[in-house]
Amino acid sequence: MRRRAMMFAVIFGIMLMLLMIVPVDSPAVERPESPQPRRPKIGVVLGGGGAKGAAHIGVLKVLEELRIPVDYIAGTSMGAIVGALYASGLSAAELEKVITAIDWKDVFSGDPSRQDIDFRRKREDYTILSGVALGVKDGKLILPKGLIKDQKVNVLFETLMLHTADINDFDRLPIPYRAVAADLETGEMVVLKDGSLADAARASMSVPGAFPPIELNGRLLIDGGMVRNVPVDIAREMGADIIICVDVGKPLLSRNDLGGPASIMNQMLDIMIRKNVEDQTRTLGAKDVYINPRLVKLGSGDFDKAAEIAGLGEEAAREKISSLKRYSVSDAEYAAFTARHHAEQVKEVKIASIKIEMEGESYISPNVVANKLSIKPGDTINIDKLKEEAGIVYGTGDFERVDLRVKRQRDDYELVVKARERSWGPNYLRFGLALESDFKGMSRYNMLFDYTRRWVNSLGAEWKTQIDIGSPSGVYSEFYQPLTTKGLFFISPYVQYKREPFTVFDGNQRIAQFDVSRYVGGIDLGFQPGRYGEARIGLQYGRFRADQRIGDADLPKDKVTRGAIIARGLLDQLDNVNFPNKGYRASFNAISSLRALGSDDEYNKIEGSIAGAFTFRKQTIIATLKAGTHIGSKLPYYDKFNLGGFLNLSGLSSNQLRGQHMAFGRVISYHKVGESFIGSLYLGGSLEAGNVWQKDFDPGNLEVSGSIFVGYDTILGPLYLGVGHAGEGRTAGYFYLGRAF
């Protein structure tokens with residue numbers, strides 16, 4: 001038994017050895033492959049810096065060229081704007097096309113095209129009022145929250161990111177995204193990761209004092225550069241293994257480079273921002289990539305040089321190619337990333353329904369807002385039309401911000417109009433200043449104060465009172481009452497007291513000067529088709545008196561009474577009243593003074609004018625024709641036509657010619673020689689011809705004159721320095737602050 005067991009053990013051992021030596025065919029056994037190393041997640045951090053942020057586009061172009069997929073984006077200020085657009089699905093090339101095509105000067109102007117402004121606000125342009133309106137509330141003056149009106153900025157971002165309207169979670173974007181802002185009340189950093197993408201990017205670039213802060217989720221937010229200008233830590237928290245950090249900051253200025261107060265203030269802000277930048281960049285490791293484009297003298301306001309700045313960003317990225325190449329992926333992997341990343345921008349939308357949402361103290365009726373819109377349910381509109389509609393609502397002058405949001409509803413959209421009423425309204429105080437001198441002893445000044453109470457009732461009534469100090473002087477008060485929410489028809493009672501100089505000439509010599517006082521009251525019934533113009537007809541009663549100051553002339557010394565029917569019409573589609581580039585303006589005025597209405601003088605007066613502006617590149621031509629006459633009895637002294645003064649027969653004194661009939665034509669041409677965000681400089685000249693006549697028109701007896709001038713568009717209005725000549729040695733120099741045409 002034992003021998004048999006030993007033999008079995010020997011045989012089993014031999015068989016086992018043979019199995020180990022001789023290969024035996026057997027089915028292949030699948031073994032798990034070794035796991036491939038995980039690709040590191042790339043986080044791109046885009047810093048703030050205003051226009052310098054265009055350098056981010058150049059960096060993104062290089063990343064695309066090297067096939068480096070971006071997994072996360074965190075940005076601040078302009079970095080948040082560029083980052084939001086890239087994260088939403090735009091390529092670097094599309095980004096560059098968008099950013100460089102924007103007219104930033106127009107965007108930062110805030111106001112819509114003047115043609116789209118409500119005529120009630122447009123009409124104020126023909127006074128000397130400045131563009132600054134102070135709110136009056138509870139007996140206090142309230143300033144707007146920012147120097148720059150942000151309406152066009154908001155609408156621009158909303159339309160650029162319209163394709164993200166259905167995305168509220170920024171992790172659902174083609175590239176997960178974060179924007180950084182600061183809480184104005186607490187100073188805390190706020191990381192924006194959901195909500196409206198346009199609002200988040202806009203909040204991140206609310207430079208304090210320049211742009212109004214943005215209220216989101218109950219917090220008042222400003223530019224994130226104050227707390228985290230290059231949010232490296234935010235990108236890491238999102239999951240980034242590798243950071244590509246683009247810092248568009250530049251070295252601090254030396255004492256020799258520091259200029260005035262603005263330069264010193266900018267240096268102070270740069271010092272504050274630099275500290276948090278250094279804290280973040282110190283956390284970068286050997287595997288991370290830091291890119292700091294050399295922007296030399298390019299500043300945060302050089303938006304018109306966006307293409308050049310983008311090029312400098314590309315140069316800086318190419319200098320880091322050896323470090324960046326480590327994160328390139330295969331063509332197939334990058335093609336997959338590109339497919340996920342790409343998103344088509346929305347070019348047009350079909351509107352299924354319209355919803356009006358009012359924000360603020362709700363003194364404005366939503367029906368008034370709805371009536372301003374030309375869009376109706378069922379319309380298919382493009383992006384430009386959306387911008388125009390937002391501008392028309394904003395152009396009423398009653399809103400701090402007007403947003404047009406779209407919400408997808410299967411194949412069409414709901415349009416949501418969110419109108420935020422001005423926090424410093426609805427009562428406003430404005431002022432203006434006019435100065436005039438011909439350097440020959442004639443000089444005038446005028447200060448105008450305007451107090452307007454808007455939305456006195458639900459139909460949009462307003463009460464305007466103006467006080468003139470100087471020459472002329474007086475008070476004007478008007479109550480404007482629309483008769484429907486559409487505002488097409490209105491009734492308007494008014495009163496006025498005005499005292500202005502009346503100079504009598506004998507040829508070129510001043511022989512007398514009077515002060516003419518007028519006391520006027522009236523009521524008009526009018527038609528106002530929105531932003532195009534208005535027509536009025538009404539009754540007016542007034543008294544006129546001439547008080548002699550210097551010399552003697554044959555003017556009535558007693559009060560004169562006038563009761564009249566007055567008709568007026570104005571069509572205004574100029575793009576600018578200071579220095580127009582395009583558009584037209586036409587006016588018509590008629591007075592029928594009747595003894596049946598209590599007039600001492602019975603007469604009929606009519607006059608009309610038309611002007612058109614045309615621009616070729618930077619050269620603008622404005623052509624004007626105007627004429628007037630009387631029907632029946634002669635015009636009294638206080639209603640005669642007059643000509644003379646700068647651009648109204650230049651070379652003659654102001655109102656030197658007075659008569660019963662008038663004809664005048666003028667061509668003004670000017671060239672823009674320079675511009676900035678605060679105004680433009682022009683060099684121009686004029687050719688003028690016209691006259692007044694006591695009896696009949698005599699076209700063969702025209703005064704011909706001309707002028708050359710330098711003009712500057714200031715916050716107080718157009719400023720001119722010029723010289724005019726009217727022949728026969730009649731030459732005058734002009735210093736003029738105010739609207740001359």
Side-chain angles (χ1 to χ4, degrees), residues 44-61 73 75-86 90 92-110 146-150 152-157 160 179-181 198 201-211 222-226 229-230 245-253 257 259 262-263 265-267 269-270 273-274 277 291-317 674-680:
V44 171
V45 174
L46 304 178
K52 295 180 293 181
H56 299 316
I57 300 171
V59 174
L60 293 171
K61 286 175 69 175
I73 294 180
T76 299
S77 196
M78 191 62 180
I81 300 299
V82 174
L85 291 171
Y86 196 72
L90 272 67
E94 290 170 327
L95 252 175
E96 184 172 34
K97 184 178 179 180
V98 166
I99 297 296
T100 57
I102 294 171
D103 183 350
W104 289 101
K105 183 176 184 294
D106 175 67
V107 168
F108 289 144
S109 71
L147 295 176
I148 298 174
K149 299 175 183 177
D150 63 342
K152 283 188 176 180
V153 174
N154 298 334
V155 173
L156 172 66
F157 295 162
L160 287 176
V180 176
R202 166 66 185 84
S204 182
M205 66 162 289
S206 295
V207 180
F211 289 104
I222 58 172
D223 194 300
M226 308 300 294
N229 205 45
V230 284
C245 175
V246 188
D247 175 13
V248 293
K250 57 184 181 180
L252 297 174
L253 298 175
D257 294 326
S263 176
M265 286 291 292
N266 284 334
Q267 181 88 335
L269 290 173
D270 288 343
I273 291 173
R274 183 167 181 162
V277 169
I291 301 173
N292 183 212
R294 291 186 292 273
L295 300 177
V296 198
K297 294 185 178 180
L298 293 167
S300 57
D302 291 327
F303 285 92
D304 57 332
K305 299 177 181 177
E308 179 184 351
I309 296 171
L312 293 173
E314 184 176 345
E315 286 180 17
E675 65 179 319
S676 67
F677 282 104
I678 60 172
S680 300

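Treat the numbers as computed from the prediction; the structure is a model and nothing was measured.
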| query | Which heavy atom in A51 sits nearest to a heavy atom in I309, and how many Å separate them? | reply | O-CD1, 3.5 Å
| query | Sub-3.5 Å donor-acceptor pair from the side chain of H56 to the main-chain atoms of G75, do we have one? | reply | no
| By salt bridge (charged side-chain N to carboxylate O under 4.0 Å, His left out) - contacts of D223 (at least two apart) | none
| task | Taking side chain to side chain contact (heavy atoms under 4.5 Å, CB included) as the test, write out the residues that go with A80, two or more places apart. | result | Y177, A179, S204
| task | Compare every heavy atom of V180 with every heavy atom of T76, then report the nearest pair and how far apart it is. | result | OG1-CB, 3.6 Å
| field | For the student: nearest non-hydrogen atoms of V82 and G53, plus distance | value | CG2-O, 3.8 Å
| task | Could you list the residues that satisfy side chain to side chain donor-acceptor pair (under 3.5 Å) with K149, not counting sequence neighbours? | result | D111
| request: Would you name the heavy atoms of K305 and L298 that are closest together and state the gap between them? | output: CD-CD2, 3.6 Å
| said: Going by salt bridge (charged side-chain N to carboxylate O under 4.0 Å, His left out), name the residues that satisfy it together with D106, two or more places apart in sequence or in a different chain. | reply: K152
| task | Please list, chain by chain and in numerical order, all residues satisfying ring pair (Phe, Tyr, Trp, His ring centres under 6.0 Å) with F211, sequence neighbours excluded. | result | F108
| Looking at residues at least two apart in the chain, or sitting in another chain, which of them share a side chain to side chain donor-acceptor pair (under 3.5 Å) with D150? | N154, R202
| message | Please check: side-chain N/O of N292 versus main-chain N/O of D247, any donor-acceptor pairing under 3.5 Å? | response | yes
| field | Shortest non-hydrogen separation from S77 to G48 and the atoms involved | value | CB-CA, 3.7 Å
| query | Taking only residues two or more places apart in sequence, or in another chain, which ones meet R294 in a side chain to side chain contact (heavy atoms under 4.5 Å, CB included)? | reply | E319
| message | Is there a side-chain contact (heavy atoms from CB on, under 4.5 Å) between Y86 and I73? Walk through the geometry before answering. | response | CA-CA 9 Å; Y86 196 72; I73 294 180; 3.6 Å; yes
| note | side chain to side chain contact (heavy atoms under 4.5 Å, CB included) filter on A317, not counting sequence neighbours, yields V59, V62, I291
| task | Drop me the distance from L160's CG to L156's CG, to the nearest 0.5 angstrom. | result | 4.5 Å
| Does any non-hydrogen side-chain atom of M78 lie less than 4.5 Å from one of F303? | yes
Show me the side-chain donor-acceptor pairs of residues 93-101 shorter than 3.5 Å, one per line, residues at least two apart or across chains.
unit_1: E94; atom_1: OE1; unit_2: S91; atom_2: N; d: 2.8
unit_1: E94; atom_1: OE1; unit_2: S91; atom_2: OG; d: 3.4
unit_1: E96; atom_1: OE1; unit_2: K61; atom_2: NZ; d: 3.2
unit_1: T100; atom_1: OG1; unit_2: E96; atom_2: O; d: 2.6

| said: Checking V248 against L295 for the side-chain contact (heavy atoms from CB on, under 4.5 Å) test, could you report, in this order, the C-alpha distance in whole Å, the side-chain angles of both residues, the deciding distance, and whether it holds? | reply: CA-CA 8 Å; V248 293; L295 300 177; 4.2 Å; yes
